[in-house]
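Read the structure below first, then the notes.
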Amino acid sequence: MTLHGRRGVGKSALGAKVVDALSAPPGSPYQGIANLSTRDFGTITLERVFFACVDLVAARDRPELEALWAGQRSDREKLARLFAALRGARYLLVLDNLEDQLSPEGHPAPSDLEAVFDIAFRMREAPQFLVTSQVPVLFDPALRPFHRNVHLVEGLPVDDSVQLLLELDPTGEAGVRNADRETLEWAVRRVHGVPRALELVVSTIMKDVLNIPSLLEVLADLPSKSEIVDSLAQKSLDLLTDEERRALDVLAVFGEPVPREAVSFVIEPFFPRDDAQRALARLVQLHMAMVDRASRRFRLLPLDADLAYGQLRDGGPWSRQSLERRVASWYARQRRPAPWRSVTDLTEYRQEFEHRVRAGDFDNAAFVVGEIEEFMVWHGSTRSVVGMHLALLGRTTSAPARLANLVGLGLARHVGGPADEALELMTEARDLAAELGERRQLARALFTLGDLHRSQRQLEAAARELDEAARLARTLGDQYLESHSLMCLSLTYSYMGDGPNALAVAERLHDLAVATGDPMTRARAADAKSLACIVVKRWDDVLSAVGQSLDAYAEAGVPEALGYATNVQGLGHLGLGQVEEAMASFRTARREGEEVETPRVEGLALFNLAWAHWTTGDLEAAADAARLSHQAFLRCGGQDALAAEALASAAAASAAGRDPVPGLLRCADLSTGNTDLVPGEWLTAEAERIRSLSEGATDEP
């Protein structure tokens, strides 16, 4: 349901009243209610909706849902699985002031918010939504039957408005309590019963101690209906003392509820003698600010915040930029230090980033996001990292900040695609890092370039870049980056068919794992060894190393890697002639790839499953699996899609009694250089066997 109407008509107040009624015991229809406002921590995104729901469930269920977000599934899939995990419990999400995120036509923005509604409206388990907005939300026609609009045209009825007006002047200081009933009714009709207008009327009377205006005088010269609230708000702002106005300005810049200490922190360098506590108390008394007494946090209504923020100067000591920088410094002091559990632990970093961007402090904003981007990317918030870096692209001024922006955006594009853009960004970052002597950024850029070149079979370049990245990471003491670089370097040697070097690097990884005791490094060492053992055809060692890597990945809590390792397990079984066991591993690997939305894992497992079917003579099943492999590889790119297409063609040809040899040879050529696929020599040997049989049949009389 959407409550919509002009500014100040009381949408948020009515929404709060509805929530109070729905949450009141006994018999509340909801297990939990969450409030998300565009004025509290900015844009409402799919990520914010996800974690708002997580906060509503029992504490024992949260780690599983946080792990769901950190997985490499699509955002839509994460939200759909979250709603399914709610198991029929009823939750309500209040989205307040949504007009900040609507297009002129009323469409939700950004696009992932539209996805939230699309998923929620189609799932029985999803929460319900109560939205407040100045304009109605325009949904896709297919979703409109699940939505109701309530247009608030007028404010409160006359009797309720008069009662509110009297309550706003409990001591009679504004003279409202002494007014006759006829005057009170005229006054509330004059402002159409709009609650915020009534508050501002009393505020204006109380502040103008020089003229002491009456109700009639305050309301006599008001403009048209649509501008009444704005006009009254401006009058109230004009009557504030300098001290009160400065406190109000700071609240407008924060844009969310904050404690008194935050307001004092921002004001102190400019006006050290200001009493923030006194000013805030007076603003609350004048109905210009609101306070949550439980949390002791103060905030402004959106109307007053917009007016005050819009009147801040663009230059000088007390300016929008200087206040935004000071607010950013407040959040910098509130940061939660690592280690972090989930992206919700990074709220203060992200608040600092937003205020530095608003201040035009793009260089420091780049360094702030640089501290958290890797954690965010590897914990499911790649889209957010891309958005943060795009906000800075081309706007940084110093070379180190520009480098930080390039590396961060390149990292996010490496994980979320497209790969071509990641290559371009990281190539530029590598050159700039070398020029500046920024060794850590150079190591990050080299690692990403090496991994990208490995996936594109540019193996010589990949080996050089990954070797240098590992060396740099070691000198910097960055064990995580060193282990990741060494693993990818070992895989690159395996892809090159260089078993001895692949095993040697895997052994270096093992030594690092022993030294650090890190389960992730131990998992990578065993994973790298398993692929190297495929190259040297030590099939028993393949299975032994895979078992170690699977255990260590599970201990490290990295489900995204399980599919790759299980696929290698299947290759080990094939090498030993254990076809049924191999098929079981490939099917498991495919499911694990689907679970974490990693099409590359799906493609590898299906390709190898196709070959396993071929070895049993089930050519139709082989062709079907290879076609599915081709489709999966198309979703992630690379020449593996061509190899799968060639295998499907060969299997279909053989099943139809046609010559499969050209397809097999083409597949062998295209798959060579990827040790995660069945060895190309197996396909070549099969082609030679079929060719020999064909030639023998031709020679018979």
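Everything numeric here is computed off the predicted structure, so don't read it as measured data. Index from 1, following the sequence.
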Task: Stepwise side-chain contact (heavy atoms from CB on, under 4.5 Å) check, L392 with F353 - done: CA-CA 10 Å; L392 303 176; F353 172 84; 3.7 Å; yes
- [ ] Answer whether the closest heavy-atom distance between the side chains of L46 and L79 falls below 4.5 Å.
- [x] yes
Task: Between CG on residue L411 and NE2 on residue H414, distance to nearest 0.5 Å - done: 8.0 Å
TODO: Report yes if the side chains of Y30 and P127 come closer than 4.5 Å at any heavy-atom pair, otherwise no.
DONE: no
Open item on the list: Please find the pair of heavy atoms, one from W69 and one from S381, that lie closest to each other, and give the distance.
Closed with: NE1-OG, 3.0 Å
Task: Backbone of V158 reached by a side-chain donor or acceptor of R189 within 3.5 Å - done: no
TODO: State whether the side chain of S161 and the backbone N or O of P157 hold a donor-acceptor pair below 3.5 Å, judged by distance alone.
DONE: yes
Task: Least distance between heavy atoms, A174 atom then V202 atom - done: CB-CG1, 4.0 Å
TODO: Apply side chain to side chain donor-acceptor pair (under 3.5 Å) to S103 and list each qualifying residue two or more places apart in sequence or on a separate chain.
DONE: E105
TODO: Could you grab the distance from atom CD of E373 to atom OG1 of T382, nearest 0.5 Å is fine?
DONE: 11.0 Å
- [ ] Identify whether the distance between the nearest side-chain nitrogen and carboxylate oxygen of E435 and R402 falls below 4.0 Å.
- [x] no
Open item on the list: Salt bridge or not between R335 and E371? Use side-chain N to carboxylate O under 4.0 Å.
Closed with: yes
Task: Lys/Arg-Asp/Glu bridge criterion (N-O < 4.0 Å) met for D169, R177 - done: no
Open item on the list: Please give me the minimum heavy-atom distance between L22 and S28, naming the atom from each residue.
Closed with: O-OG, 2.6 Å
TODO: Give a yes-or-no answer on whether the side chains of T344 and S342 include a donor-acceptor pair shorter than 3.5 Å.
DONE: yes
Open item on the list: Among residues at least two apart in sequence or on other chains, which ones pass ring-ring contact (aromatic ring centres under 6.0 Å, His included) with F129?
Closed with: F117
- [ ] Kindly determine whether E324 and R320 satisfy salt bridge (Lys or Arg N to Asp or Glu O under 4.0 Å), including the steps that lead there.
- [x] CA-CA 6 Å; E324 289 284 10; R320 179 179 55 82; 5.5 Å; no
Open item on the list: For a quick check under 3.5 Å, do Q163 and D159 share a side-chain donor-acceptor pair by atom type?
Closed with: no
Open item on the list: A side-chain contact here means heavy atoms from C-beta on lying under 4.5 Å apart; do L283 and L240 qualify?
Closed with: yes
Task: Carboxylate-amine/guanidinium proximity below 4.0 Å for R196 and E199 - done: yes
- [ ] Report yes or no: does S322 contribute a side-chain atom to a donor-acceptor pair with the main-chain N or O of P317 at less than 3.5 Å?
- [x] yes
Task: R62 side chain to V57 backbone, donor-acceptor under 3.5 Å - done: yes
Open item on the list: Both conditions, 6.0 Å and 45 degrees, for the charged tip of R246 above the ring of F271: are they met here?
Closed with: yes
Task: A276 backbone acceptor or donor facing D274 side chain under 3.5 Å - done: no
Task: Validation row: V18, M1 side chains within 4.5 angstrom (heavy atoms) - done: no
TODO: Would you check, one step at a time, whether the test side-chain contact (heavy atoms from CB on, under 4.5 Å) holds for E66 with R341?
DONE: CA-CA 9 Å; E66 289 167 350; R341 182 174 52 86; 2.3 Å; yes
Task: Pairwise side-chain contact, Q321 with D314, heavy-atom cut-off 4.5 Å (strictly under) - done: yes
TODO: Take the angle between the ring planes of F254 and H355 and call it parallel below 30°, perpendicular above 60°, tilted in between.
DONE: perpendicular
TODO: Rounded to the nearest 0.5 Å, what's the gap from CG on L409 to CE on M426? Could you check?
DONE: 8.5 Å
- [ ] Kindly say whether P136 contributes a backbone atom to a donor-acceptor pair with the side chain of S133 at under 3.5 angstrom?
- [x] no
TODO: May I ask you to say whether E185 pairs ionically with R181, meaning some side-chain N is under 4.0 Å from a carboxylate O?
DONE: yes
Open item on the list: For the backbone of T397 and the side chain of D363, can you confirm whether one donor and one acceptor N or O come within less than 3.5 Å of each other?
Closed with: yes
TODO: Heavy atoms only: give me the nearest V253-R358 pair and the separation to one decimal.
DONE: O-NH1, 4.2 Å
Open item on the list: According to side chain to side chain donor-acceptor pair (under 3.5 Å), does anything in residues 249-262 pair up with another residue at least two apart or in another chain? List the pairs.
Closed with: R245-D249, D249-W318, E256-Y331, E256-Q351
Task: K11/E99 salt bridge by N-O under 4.0 Å criterion - done: no
Task: Nearest-0.5 Å distance, CZ of residue F298 to CG of residue L280 - done: 5.0 Å
Open item on the list: Using side-chain heavy atoms (C-beta onward) and a distance below 4.5 Å, is F375 in contact with D345?
Closed with: no
- [ ] Measure the CG-NE2 distance between L301 and H287 for me, rounded to the nearest 0.5 Å.
- [x] 11.5 Å
Task: Nearest non-hydrogen partners of M376 and S384, listed with the distance - done: CE-CB, 3.7 Å
TODO: Would you mind telling me which of L184, T183, N178 makes a side chain to side chain contact (heavy atoms under 4.5 Å, CB included) with D180?
DONE: T183
TODO: Check the side chains of T396 and N405 for a donor-acceptor pair under 3.5 angstrom, ignoring hydrogens and angles.
DONE: no
TODO: Apply side-chain contact (heavy atoms from CB on, under 4.5 Å) to the pair L82 and K78, showing each step before the final yes or no.
DONE: CA-CA 6 Å; L82 168 71; K78 290 174 186 177; over 6 Å; no
TODO: Could you check F362 against V357 for side-chain contact (heavy atoms from CB on, under 4.5 Å), going step by step and ending with a plain yes or no?
DONE: CA-CA 6 Å; F362 302 117; V357 169; 4.0 Å; yes
Task: Heavy-atom check, side chain of L200 versus side chain of K235, under 4.5 Å - done: no
Task: Straight-line distance of L307 CG to L312 CG, nearest 0.5 Å - done: 11.5 Å
Task: Main-chain N/O of L406 paired with E428 side-chain donor or acceptor, under 3.5 Å - done: no
Task: Check: W378 ring centroid to Y480 ring centroid under 6.0 Å - done: no
Task: Beyond-backbone contact of L168 with V201, side-chain heavy atoms, under 4.5 angstrom - done: no
Task: Closest non-hydrogen atom pair between P257 and R299, with its separation - done: CG-CD, 3.7 Å
Open item on the list: Could you check whether T38 and N97, counting side-chain N and O atoms only, form a donor-acceptor pair closer than 3.5 Å?
Closed with: no
Open item on the list: Quick check against the 3.5 Å criterion: does S203 have a side-chain atom that pairs as donor or acceptor with the backbone of L286?
Closed with: yes
